[in-house]
Amino acid sequence: MKWGSPGGRIVAASRPAQAEQDRRVEDVVLADGGSVTVRPLGPEDAGRLSAFHLRLSEANPHDPDLAGAAGDPTLLTGRVVGPGSGASAVLGALVGDEIVGLVEYSKIGNVGDVGNVGDVVNVGDVVNVGDVGDVGDARFGILVENPQQGRGLGTLLIDILIDAAAAAGVRRLVADVPASSRRVLEVLRSIGFDLSPADGAQIRVSYPVEPGDGPPSEARSRRRRVGGGREHPSGPRSIDRLLHPRAVAVIGASREPGTVGHEVFRRLLHSGFTGAVYPVNAAATHVASVYAYQDLAAVPAEIELAVVAVPAQRVAEALRACAQKRVRGVIVVSAGFADGGDEGQALLADAIRIARDGGMRLIGPNAMGVINTAPTTRLHATFAVGEPPAGRVGVFTQSGALAGTFLTDAARRAVGFSTFVSAGDRSDVSTNDLLEYWQSDPRTDVIMLHLQSFGNPRRFARIARQLGRHKPVVALKSGQESADTGVDALFTSAGVVRADTLNQLFDAVQLLAHQPLPAGRRVGIVGTSSALAALATDACRTYGLEVPPLSEETWSDLAALVGHRYATNPVDLGPLADPERFDAALRLVAASGDVDAIIALVTPHAQVDRLGAAVRQVAADSGLPVLASYLGQDGMPAALAVADASGGAGRGSVPSYSSPESAALALSRAADHAAWRARDHGRVPALDHIDPDGARAEVERHPKNDTWLPEPAVATLLAGVGLRAWPSIRVADETQARAAAEALGWPVVLKISDERFRSRLDVGAVQLGLGDPDELAGAWRAVRAAVGAGDMLVQPMAPAGVSTVVRLRQDPTVGPLLSLRLGGAVADLLVDPLARTLPLTDRDAEDLIQQIRGSVLLVGGSGAPAADTAALADLLHRVARLAEELPAIGEILLDPVLVGRRGVVLLHAGIRLLPPETESRTLLRALAVQP
């Protein structure tokens with residue numbers, strides 16, 4: 001757009017409340033690994049806008065419109081408007097305190113002619129919008145400063161604009177672009193815009209905007225397929241530079257062994273790093289016999305990665321030096337930030353802003369560092385003790401303290417790492433950044449995570465779901481809420497293999513890194529101990545695996561081999577088993593077609609190495625996943641290892657576990673993951689009778705203070721997604737109750753309005769089937785005697801159905817969480833609800849209905865008729881859509897929902913709005929700490 005040209009105007013974002021504005025601050029990583037901050041612009045940005053246009057006019061002296069606008073600051077400030085209704089928005093991209101790009105939309109019919117659409121790629125090609133589109137559409141424009149072009153900023157700005165427009169209810173973005181602007185049109189087409197001829201030499205471009213992650217149009221599908229959202233490809237490129245530097249500086253490299261700076265520097269040297277390492281120490285001339293520089297500016301080389309190991313109060317100074325040196329990546333191992341109280345938080349905010357302004361990716365503070373075992377790099381930039389073998393596992397941990405445990409356990413268990421990142425406070429580089437990187441990293445086949453929190457759970461789920469289809473993701477979630485329903489729901493939907501302990505984490509990774517996934521859950525057990533075989537059988541059944549009987553042919557061959565007719569699954573060869581017979585038994589079971597995996601049990605034996613060699617060879621020949629349990633021994637005996645190019649244990653090695661139970665649990669999780677991969681993950685269905693505009697307007701009429709909305713407001717919000725609650729009238733005395741019953745029609749239900757007792761038939765708080773005034777009067781007295789004073793509700797009798805409770809809440813860990821359970825007092829006390837994160841696919845809804853406890857009441861069976869599960873699924877999707885459309889919603893409670901033979905009846909609904917400061921962030925990348 002020709003911003004500020006005489007024919008148009010700059011319209012700043014229709015200024016949201018301050019909390020909403022803060023929520024829309026987003027730091028984005030560009031294609032070259034640098035970053036910019038994108039936020040709404042307002043009147044306070046008039047000076048920055050003037051400076052931006054002055055630079056544009058100087059760069060384009062032959063454009064009189066730009067020159068005129070830049071020369072008249074009042075022209076700019078006069079076009080920056082105050083609070084509005086979402087009819088328009090202007091977002092600015094800033095590097096430091098300078099605006100370097102702008103993007104705008106303006107709803108047609110709400111704001112005047114916005115003027116011209118600028119070239120995404122070249123600021124010199126300016127195109128005219130004209131009056132295009134219909135009411136409900138929005139014209140858009142974009143302008144990127146010449147020095148910032150070629151970094152992917154234009155594409156990212158449009159992507160962010162699409163999300164902002166969706167949140168404001170825009171249905172379509174439109175513009176006319178000259179047919180000669182081929183580069184612009186190609187960029188727009190790659191994002192997902194539809195192109196069609198317009199008047200003259202113009203091409204009309206349009207994009208159908210959709211809220212949240214709702215049912216995808218072809219345009220949205222193209223946008224996600226081509227760009228993968230805003231995460232790809234700029235994020236992985238910036239991580240790649242962090243992990244493959246050609247020169248590293250250690251700022252704070254001490255001469256004293258045992259200090260952090262000294263140990264990081266020594267490990268860089270001893271790891272055989274293929275690049276150059278420069279110690280920076282103002283008080284020393286040499287560190288570990290290497291010449292030291294007094295400051296970073298004195299280093300006579302371009303530095304790509306700096307490790308900062310100075311006290312917290314000096315980190316900002318070190319980061320400024322890195323910015324001046326144009327360092328692209330920084331690891332801050334210093335502590336005293338997020339865990340340092342108000343002072344530490346202020347230091348952290350300062351560090352983040354310096355890194356952002358300098359275009360640097362930041363790992364830490366309080367990080368242990370990074371390792372890259374690639375032979376072309378051999379980077380070990382940590383101060384942890386331990387040297388992991390090279391391999392194909394990418395590792396991320398938030399805890400610096402656990403980093404040493406990861407490294408020593410990796411060596412003990414022969415789990416080879418491709419890359420390792422200990423991120424500490426995660427002020428910039430996060431779990432999601434690494435997941436994106438590993439998605440395209442050919443050296444990484446399995447991902448191992450230790451998480452304490454989720455920065456952006458929706459993004460985590462999206463990336464992990466895509467990554468898990470070809471690279472398993474195994475995660476240990478620690479923290480107070482680690483056992484919450486929300487984490488289970490997030491991992492289930494994303495296909496993440498969850499571990500409950502560090503041992504289980506390594507157990508699962510060992511198997512997934514070295515053996516193929518099982519095709520099913522049938523397990524063959526071959527061993528040298530009947531007691532261990534019994535333990536293994538029990539463990540398999542406990543963890544949902546099957547130990548099937550073998551076919552008659554296999555049984556006969558085994559009987560001949562073992563020497564008695566009782567040879568079946570599990571196969572016990574005795575403590576003195578001959579290695580040849582052990583090998584033959586393994587091969588018979590593997591070739592039987594009756595099993596999908598094998599667990600080999602090995603007790604102390606004079607020829608234990610030959611037994612191990614047999615296990616390893618059968619694993620290679622059969623193609624089945626094979627696990628071993630060497631009693632009391634975790635890791636991988638040499639006889640089970642297949643050496644890879646680096647000399648470590650490679651693909652085809654057989655993991656060993658200290659107990660059969662550990663092996664069975666690891667195999668069960670691998671089978672779960674294989675089943676998740678093989679399944680149809682469903683889609684988000686299209687819904688009819690959706691009109692969220694009225695619901696959005698209703699939300700704006702009420703304070704966001706975490707209290708339940710009045711019933712008329714709830715009805716309006718539900719109507720926006722095609723839902724309607726059963727009629728209900730609140731009454732305060734018997735006279736009002738009788739009038740309500742007459743209005744609704746007999747028979748009626750009388751219940752206390754207090755939500756604690758609203759569905760409690762068992763305590764007398766609900767009276768059903770009241771057919772006349774006398775019965776109503778008796779019921780009134782009965783409820784009063786049961787639960788005391790309070791308003792009551794009168795409703796017409798509803799048709800019979802299965803009582804269920806549907807609840808959507810904003811989980812503090814994973815975001816919006818939709819749960820389903822059966823209703824009633826017993827269910828309230830005994831049953832944890834089953835839950836799924838959003839977006840909710842048709843398969844998710846089906847799982848919720850079929851897997852809750854007592855689901856037979858819904859799906860039928862054993863003589864029980866089936867309820868209308870399709871109608872219940874439709875209700876679940878509409879509740880999810882309401883939460884997607886209105887992120888201010890903190891909770892939706894539908895209790896009860898009666899699921900009948902035909903249709904559902906919603907007897908009561910409650911909705912709460914979150915205070916603005918607690919609303920979940922909807923933009924993709926936000927600062928860990930808002931300065």
Side-chain angles (χ1 to χ4, degrees), residues 12-26 39-40 42 81-89 91 163-170 211-214 454-458 481 486 690-721 723 725 730 753 755 806-819 837-839 878-895 908-924 926-927 929-930:
S14 52
R15 302 281 291 165
Q18 186 59 44
E20 172 70 10
Q21 162 131 348
D22 291 342
R23 189 171 64 83
R24 291 175 57 189
V25 173
E26 179 172 1
R39 63 171 174 80
V81 299
S85 61
S88 62
L91 302 175
D163 287 345
V170 171
D213 285 303
F454 299 96
N456 186 324
R458 294 289 295 277
E481 76 292 347
I690 299 295
D691 184 14
D693 291 339
R696 291 194 188 95
E698 185 67 30
V699 165
E700 296 305 318
R701 297 188 186 103
H702 298 276
K704 298 178 180 180
N705 56 7
D706 207 25
T707 60
W708 296 103
L709 292 176
E711 291 177 12
V714 172
T716 301
L717 296 186
L718 293 177
V721 290
L723 292 176
R730 182 182 292 265
S753 64
E755 64 182 39
V806 176
R807 184 188 183 201
L808 187 139
R809 63 184 176 89
Q810 289 287 346
D811 185 277
T813 304
V814 303
L817 190 68
L818 182 65
S819 65
T837 52
L838 302 187
R878 292 180 187 278
V879 171
R881 183 65 175 272
L882 185 60
E884 295 274 17
E885 294 277 2
L886 303 173
I889 290 178
E891 182 176 1
I892 303 170
L893 180 62
L894 311 183
D895 179 15
H908 179 78
I911 296 178
R912 294 187 299 111
L913 300 181
L914 287 174
E917 63 271 14
T918 62
E919 285 184 30
S920 59
R921 294 179 182 271
T922 57
L923 292 181
L924 202 58
L927 290 176
V929 176
Q930 292 290 347

Q) How long is the gap from NE2 on His908 to CG on Asp895, to the nearest 0.5 Å? A) 7.5 Å
(Q) Rounded at 0.5 Å granularity, tell me how far CG in Leu709 sits from CD in Glu891. (A) 11.5 Å
(Q) For Ile911 versus Trp708, what's the shortest heavy-atom pair and its separation? (A) N-CE3, 3.3 Å
Q | Minimum-distance pair of heavy atoms, taken over all atoms of Leu914 and Lys704 | A | O-CB, 3.0 Å
Q: Enumerate the residue pairs fulfilling salt bridge (charged side-chain N to carboxylate O under 4.0 Å, His left out) with a member in residues 708-719, sequence neighbours excluded, ordered by first and then second residue.
A: Glu711-Arg730
**Q.** Contact summary for Ala695 and Leu717, nearest pair of heavy atoms
**A.** O-CD2, 3.3 Å
Q | Heavy-atom pair of closest approach, residues Pro887 and Gln810 | A | O-NE2, 4.1 Å
Q | Minimal non-hydrogen separation, Ala880 against Leu808, with atom names | A | CA-CD1, 4.3 Å
Q. Which value, rounded to the nearest 0.5 Å, describes the distance between Leu817 atom CG and Leu838 atom CG?
A. 8.0 Å
Q: Find out whether Val721 and Val879 are in side-chain contact, i.e. whether some heavy atom of one side chain is under 4.5 Å from a heavy atom of the other.
A: no
Q) What distance do Arg878 atom CZ and Ile892 atom CD1 have between them, rounded to the nearest 0.5 Å? A) 13.5 Å
**Q.** Lys/Arg-Asp/Glu bridge criterion (N-O < 4.0 Å) met for Arg881, Glu884
**A.** no
Q. Does a side-chain heavy-atom distance below 4.5 Å link Pro839 with Arg458?
A. yes
Q. Could you state the interatomic distance from CG (Leu818) to CZ (Arg807), rounded to the nearest 0.5 Å?
A. 11.0 Å
Q: Apply salt bridge (charged side-chain N to carboxylate O under 4.0 Å, His left out) to Arg809 and list each qualifying residue two or more places apart in sequence or on a separate chain.
A: Asp811
Q) Quick one: side chain to side chain donor-acceptor pair (under 3.5 Å) partners of Asn705, sequence neighbours excluded? A) Thr707
Q | Closest approach of Gly486 to Thr837 (non-hydrogen atoms, all atoms of both residues) | A | O-CG2, 4.4 Å
